[in-house]
Every structure is written in structure tokens, then in C-alpha cells.
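Numbering of ligands and ligand atoms starts at 1, following listing order. Residues: numbered from 1 along the sequence shown. Bear in mind that the values here come from a model prediction, so they are computed numbers and not experimental data.
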Amino acid sequence: MKKSRVIRLGRELIGGDNRPLIQTMITTPLTSPEKAVDEAKYALDLGCRVVRTAFKDKAETQGLEKLVKSFSGEIIADIHFDYRLALAAIECGVSGIRFNPGNIGSSDRVDAILEAAKKRPELAIRIGVNGGSLDKKILSKYNGITWEGLAESSIFWARYLEERGYFNFKISAKSSNVRETVAACRKIRELSDAPLHVGITEAGGGKHGIIKGTAGIAVLLSEHLADTFRVSLTAGIDEEIRTANMILKSLDLLEKGVEIVSCPTCGRTHGKVIEYYNRLEKWLDEKRWWLLPKLKVAVMGCEVNGPGEAKDADLGMALGKDCAIYFEHGEIIKKFDDQDAAFDYLADRVREIEKIS
Ligand code: SF4
């Protein structure tokens, strides 16, 4: 697959060989600026430097200004229908604006946004085409929301911006259907080298949303079609950011972070692998494992695959009948008659190495 071109979003570079960039969207309205700033800073604490916010009307301009001034990451204003909000957001100093040119009114209004954007070379536009707000003409041409319609609308606007000499933009074409979204992104990359912002929109929450979002984003990351992405979940930003890092880690796209290897358990399992795993996962989530130095930890249930996986990890334990063997970097370090004591030892070593309590 051909590479995307590189664009700027404030201090960040997106596209080309740059690492896929995680984004999230705060849920606090700009009418409560202090709370919005707190939520954006929380995203930053979680390691997410790019935060989008809904900018709904002019009355929120002061709130947006405050957010931009108080935040050391990049703020993107999400705009619908009213092009004057895009102009106001650019004035406020946002790093990016996201809008769907198809629902902003006449092309004159899109042109006015482009003229203002050109004066801010570090500002990025996202052409955000969503299944739910697809152009009526496209909807009737394709008889509903289809990947062909998403791609056609995105490419139309990409060409429109480029013909007017504007190139610092990315494209997103999202629907709540994984296959439609993936097909649309593939087509867009075939026809354009603009970076892609990807995600599965309205994916839901909980395990359902996490799995659905991951199913689409993982394919797009694997095919180098995701220059930046958001795991859109009916959940808090912490869940979105954790899941985004988990996807990157699973695809070897995150250098740092703690990876847990554990077996699915079966009739051979000698002890409480599920309990040990759950304790480890909960604790490492609290410690934000994705921000910690790289470490692979294995918790395995028997002598079949246990020693092999435990040896392959940095730290590992393999359960045996009424015992456990503890490994570090492929070497047996200790044998325990008490499996709980082996788990406590493993957890202590993780604490020590990662310098966490
Ligand atoms: S490692 Fe052993 S206990 Fe775990 S699933 Fe494999 S065979 Fe079963």
C-alpha cells in the first residue's frame, strides 16, 4: 500500500512513516471550560496528546479559547453545519478543525475556511465524512450508506481542497459497519495520499464496542491505512485510550508498555491462572501499563506450554502440581511449593523493575 503524505497538526506530524497517533474526544461541553480543561488534561496524563472537542455555537468561543490556552497538547474543534464556527475556532488557535464539507452549506463557505486555514500552516483540517451525515445526493445515488458513497464523498472533497492549493488535511470516512469502513479507507488510499484518520463510529461500549472498534482499526493499522485513530466508545476517555494502546501493543506498534501472556486454562491447569491474570491486569491498568517501560510477563497453567512461554517472557511463572516455577529472561530463578507466594514474587519483581508501588 502506498504511503500517505506527512501533514502537521500543531506540534505533531501525521502520515508517512510517523507512528499512528491516538486521539480521543472529551465529553464535557465547552460551556463548562474548567471541567473541559480538566478532562483534556486527564487525557494527557493517560498519554493522549490530541484531544477533540465539540464546538457547537458561538457562545462556546470563550470556553474553546480557554481550553486551547490551558492545554499543552493539541486541540481539535469538531464543527457541524456552521462555517463561522470553523473560522472562530481557527481564530482561537486550535491545532485542527474537523468538519464535513458536505454539511457546511455552499462551497463559498468551504473556501472561506480554507483561506483562514492557509494563514495557519500548523493547523490541520480533517474532512470528516460519516455514514450518518453523508451527502443526500450520495445517499440517493448509492441507495443508502455504502463504502462507495463514503469514498466518493471523501475523494470529492479532497480534490476540492487540493485544487484550491490546500494540502494540510486528513480524511476520515467512518460508518458503524466495520467492513464498509475498511473498504472505504482502502479505496480512499488508492485514490489519495492524504493521511487517514480512522475508527469505527458509533461502535457501542463495553466489550461489544471494544471488539467492534478493534476489529476495524486493527485491520486498517495492519494495512498501514491508519495514520491517526480514535477508538470511539460509549465510555469514558480512559477506556478509549487504554484500548487504543492495547491495539497498538497487540500489533507491535507500541515499543513501551507491559504485555501479559497467559494461557486460556484447560483440564491440565494446576492452579488459579484466571485469578492471577485478573489481579495482574487490574493492577497494571491502574498503573497505566502502556506508559511503563517495555516488559513481557507470563502466567501459565501447566508444564505443557508453561515453561516455554514463561522462558520467552522477561518474567514468567509456570504452575505445576502443587508448585510453581519462576523464570527471568529464560532462566529458572526459583521453585515454589506455594503458588500464591510465586505470584506475589512475580508481582513484586514487576513493581521493582517498573518502579511502581
Ligand atoms: S498452558 Fe497448560 S494449562 Fe494452560 S491452556 Fe495450555 S495446556 Fe492448558
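- When hydrogens are left out, the protein atom nearest atom 6 (Fe) of ligand 1 is N305 ND2, 3.3 Å; that is the closest non-hydrogen contact.
- More than 12 non-hydrogen atoms from other residues, nucleotides or ligands lie less than 6.0 angstrom from CD of E148.
- A cation-pi arrangement, defined by a distance under 6.0 Å to the six-membered ring centre and an angle within 45 degrees of its axis, is absent between R186 and W147.
- Between L291 and G47, the closest heavy-atom pair is CD2-CA, 4.0 Å.
- The protein heavy-atom contact nearest to atom 2 (Fe) of ligand 1 is C302 SG, 2.3 Å.
- Closest protein heavy atom to atom 3 (S) of ligand 1: T269 OG1, 3.3 Å.
- Here R120 contributes atom CZ and S95 contributes atom OG; the two are 7.0 Å apart, rounded to the nearest 0.5 Å.
- A side-chain N or O of E152 and one of Y142 form a donor-acceptor pair less than 3.5 Å apart.
- Using a 4.0 Å cut-off between heavy atoms, V273 makes no contact with ligand 1 at all.
- Close approach of ligand 1 to T265 is summarised as follows: ligand atoms under 4.0 Å from at least one heavy atom of the residue are 5 (S).
- At least one N/O/S atom of C266, from backbone or side chain, sits under 2.8 Å from atom 8 (Fe) of ligand 1.
- Between C263, S262, P264, it is C263 that holds the heavy atom closest to atom 4 (Fe) of ligand 1.
- With no hydrogens or angles considered, no side-chain donor-acceptor pair links D135 and S153 at under 3.5 Å.
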